[in-house]
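For reference, the structure discussed in these notes is given below.
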Amino acid sequence: MAEPRRETTLRADPRRPDRHRSARYTVSSLPTAGRPEPGLVAGPFEAAGRRVSAALLTGVPGFADGPFTVDGRTAVGEVVLHDRAPLLTALAAVGRPAEPSCPDGELLLRCWLALGAAGLRIADGMFTLAVLDGPDLVLLRDHAGTRTAFHCRTADGGWAASSSLRALRERPDVETGLDMSAVRSFLTYAYLPGEETLLRGVCELLPGRITRLRPDGRVDVEVFWEPESGSAEPESTVRHHADGLRELLERAVRIRLPEGGQDVAVLLSGGVDSSLVTALAARLHERAVRTYSISFGAELPNELGYSGLVAAHCGTAHRVLTVPGEQVAARLADTVALLDSPVGDPLTVPNLMLAEAVAGDGIAVSLNGEGGDPVFGGPKNLPMLVFELMREDGSARARADAYLHTYRKCWEDLPVLLTGEALAALESAPHPRRHVEPYLSDARMPSLLDQLLHCNLRTKGAHHILTKVERLTASQGVQGRSPLFDRAVVEHAFATPPALKLRGTEEKWILKEAVRDLLPDTVTYRPKSGMRVPVQQWLRGPLSELAADLLLGPTARARGLFRPDTVETWMRGGGLLLPRQGGKLWLLLTLELWLRAYDL
C-alpha cells in the first residue's frame, strides 16, 4: 500500500536514516531524589513519591530518539516504523488522529495509549519504547525482537532500564556480578535465550510484550503478539499459500526500502533467503541495489559462485569482501565488546566488516535474508523430527533435552570443562532446558514442526540473529532490516500447513515455491551448505596465540570458570571430535573477551 503524501514541514522525516544521531536511551524510576541522570531529556518528574526520568546516551551506537509526550506520558525509544499508514488510520478511526509528520516514536506511543495492545499488533517496525507512566516504567519491544533493551532493580529500590546493557553495568546504584546460570546457558546455546543476561539481576525484554515495572518491585507482562498455528488444510490450497506468501514477501521488502532517492544494500550469501530478498529489492527499488558477499580466501570453500550468479541475474552492483583470519584476530575483541550479550557466532567480525563496507559506500539501509530458517523450517529441525520417531521417553523434558543435544555446543562437555567451583555454583541454578521446554510442549501448536519454529523464533531469532544484526549494523550508523522476520510473513508461515514447509526432505518448500520464478533453479533448489567459516583453521593459525593467551592466561585462570587441563587438551586437538572442536573453543574465546569488555 502506498503511503499518503506528507505535508511539507520543517520537522525532518523521522524515518530518514540520514537523520540518525548515535544514541541509546536509559530511563529510571527511583524512590527519592538523587543524582541527576547524565543526558537527561525528560524529567525528573515526581509521581506518587517517585522520581522518574529519561535520558539519551549520546555518542553510543544506536538509534534512540525522544522524548515524546502524549496525554501526560513521556517516552524515549528506538523506533523505526516501516509502514505508518495503518497506525494513522487506526488512530483516526477511534477519534485520536495523529499529525502525519510526527516522529515514529510519538506515533507508536499514541497508538499504545489509544488502542493498548491492539495498537502495537498493527505496528510494522523495529522498536523498543520506554514510557514514563506515573511512578511506573512501561517497556515495549516489537513482535520479533529487532530492537533490544534491559531492566533491573537499583540498590535503593528503584528501577532502571536501558537499550544499553553497558549503561546499566556502569550505574553506581546497580549491583551486578556474573550470573553462573547465564554462563551455562551461553555454553549450551552459544547465545543467551530469554530474559537472562550475564549480569546478575539484569533482564532482557522479551519480544511481543508490554512490560510494566511497578514501584513495589512487581513486573507485569502483557503479551501483545505471538504467532498462531494454522490448521492442516487440503493439498489444493498450495497455490493459495504460495501466492499469498509471495504477496507478503513483496510488501515486506518494499516497506523496508529506503526513501529519498537512496541506494540500498543487500547482504548476499547465495542461499535462497538472501537471494530472494535481492531479487525482490532489485525489482521494487527505484535506485541502485548493491550486494555484498564474503570470502575467507580463495583456497577455502565458499558460495561466491552462487552469490555471483544471483547478482548477475538481478543486475546488482556486487562487491566481495575477503576476510582473512588475521583480520578476525585483530578485530575480534572490539567486535565482541559491541554486543550486549555474547554471541558465539564466528561470523560476527565478518558481519561487522560488511556493515563497515556498506557504511563506507554511503548506504544507510541494508537488507538481509535472516529469518528464513527459523521461520520456514530450515535444517536444524530434521534431527528433532527423527528423534520424535525414535524416542522411547515421551516426556516434555526428554524432548527438551534432545533439543539441547541438537545444538552441539558445550552442554555435554560441562562436567569436564567447568571447574569444581563453577559446577558447585550451578547445583541450585535453573536448568537451561527451561528456555525451550515451554515452546516444545505448547498444545496451541499441534505439530512438532511449528513448535520448533516457534522455539527458534523466540530464542535464536530474538536473542541471537536479530540482536547481532542490530548491534553490528548500528555501530556503523546502518539500519539492518530483515524482511523475512516481517510480522505478516511470520504469521503466514505459521498459518501454512507444516507439510508445505517441510515437503518430504525439501526444507522451506513453500518459500521456494513462492519465489521460484525470481531465481535460477540452481540457486532455489541448491543443497543447503551454509556459510563455511574456517574456525578450525583460524584457531590453528592467526588466532592460536590470542586464544592461548586469553584462555590459558592468568586472568582466565583467576576467574576459575574453565579447567585449564581441558582447555589445553582441546587446543592441542584432543578430547573432542572434529569439526566441533573449533566451534567449542570459539565459545570460550568469545565469552572470555566479553567478560573482559564488561570488566567481569
Side-chain angles (χ1 to χ4, degrees), residues 17 82 146 242 245-259 262-295 302-321 347 350-351 353-355 357-376 378 465-466 469 472-473 478-486 489 493 507-508 510-531:
H82 299 311
T146 56
L245 177 57
R246 172 60 172 272
E247 183 177 340
L248 292 173
L249 289 170
E250 291 188 5
R251 178 183 180 277
V253 171
R254 184 172 61 248
I255 64 176
R256 285 167 176 78
L257 293 171
E259 295 182 333
Q262 300 177 69
D263 294 352
V264 68
V266 183
L267 307 186
L268 175 61
S269 71
V272 66
D273 303 332
S274 60
S275 296
L276 76 88
V277 171
T278 299
L280 289 174
R283 283 194 174 196
L284 298 171
H285 198 37
E286 296 176 350
R287 294 279 302 179
V289 175
R290 303 194 197 186
T291 46
Y292 298 79
S293 298
I294 293 173
S295 165
N302 61 66
E303 299 181 301
L304 296 181
Y306 291 109
S307 59
L309 176 61
V310 172
H313 182 78
C314 299
T316 68
H318 191 53
R319 181 176 171 187
V320 177
L321 274 75
L347 281 172
N351 287 156
M353 294 177 68
L354 281 172
V358 170
D361 287 341
I363 302 177
V365 172
S366 67
L367 306 183
N368 58 65
E370 301 285 3
D373 286 345
V375 173
F376 288 96
I465 297 173
L466 288 170
V469 167
L472 296 181
T473 55
V478 174
Q479 287 190 14
R481 301 178 178 179
S482 307
L484 297 184
F485 277 110
D486 177 89
V489 169
E507 297 153 348
K508 300 186 286 189
I510 193 66
L511 181 66
K512 297 172 181 175
E513 190 70 8
V515 300
R516 64 179 178 175
D517 63 306
L518 291 175
L519 299 165
D521 282 353
T522 50
V523 172
T524 305
Y525 298 103
R526 54 171 286 203
K528 177 76 174 180
S529 61
M531 182 70 73

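Just so it is clear, the values below take in all heavy atoms, side chains as well, and ignore hydrogens, waters and symmetry mates. Predicted model only: the values in this text are computed from it and were never measured.
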Report yes if some heavy atom in the side chain of [X] is under 4.5 Å from a heavy atom in the side chain of [Y]; otherwise report no.
| X | Y | value |
| --- | --- | --- |
| L304 | S293 | yes |
| V289 | V266 | yes |
| D486 | V253 | no |
| L511 | L249 | yes |
| R246 | D517 | yes |
| S275 | Y306 | no |

First locate atom [atom1] of [X], then atom [atom2] of [Y], and finally report the distance between them rounded to the nearest 0.5 Å.
| X | Y | atom1 | atom2 | answer |
| --- | --- | --- | --- | --- |
| L519 | L309 | CG | CG | 9.0 Å |
| T316 | H285 | OG1 | NE2 | 12.5 Å |
| S366 | D263 | OG | CG | 13.0 Å |
| L472 | M353 | CG | CE | 12.5 Å |
| R251 | L280 | CZ | CG | 14.0 Å |
| E250 | L276 | CD | CG | 10.5 Å |

Q: Verify side chain to side chain contact (heavy atoms under 4.5 Å, CB included) between L245 and F376, making sure each step is shown before the conclusion.
A: CA-CA 11 Å; L245 177 57; F376 288 96; 3.7 Å; yes

Closest non-hydrogen atom pair between [X] and [Y], with its separation:
| X | Y | value |
| --- | --- | --- |
| S274 | L267 | CB-O, 3.4 Å |
| V489 | L484 | CG1-O, 3.9 Å |
| A279 | C314 | CA-SG, 3.6 Å |
| H318 | L268 | CE1-CD2, 4.1 Å |
| I363 | A265 | CG2-N, 3.7 Å |
| L367 | A281 | CD1-CB, 4.2 Å |

Q.
Between K508 and D273, does the side chain to side chain contact (heavy atoms under 4.5 Å, CB included) criterion hold? Intermediate values first, please.
A. CA-CA 10 Å; K508 300 186 286 189; D273 303 332; 2.9 Å; yes

Q: State which residue, out of V375, T146, L466, I465, fulfils the side-chain contact (heavy atoms from CB on, under 4.5 Å) condition with E370.
A: I465

Q: Would you check, one step at a time, whether the test side chain to side chain contact (heavy atoms under 4.5 Å, CB included) holds for R256 with V365?
A: CA-CA 9 Å; R256 285 167 176 78; V365 172; over 6 Å; no

Q | Derivation and outcome, side chain to side chain contact (heavy atoms under 4.5 Å, CB included), residues N368 and Y292 | A | CA-CA 10 Å; N368 58 65; Y292 298 79; over 6 Å; no

**Q.** Backbone N/O of A317 and side chain of R290: donor-acceptor pair under 3.5 Å
**A.** no

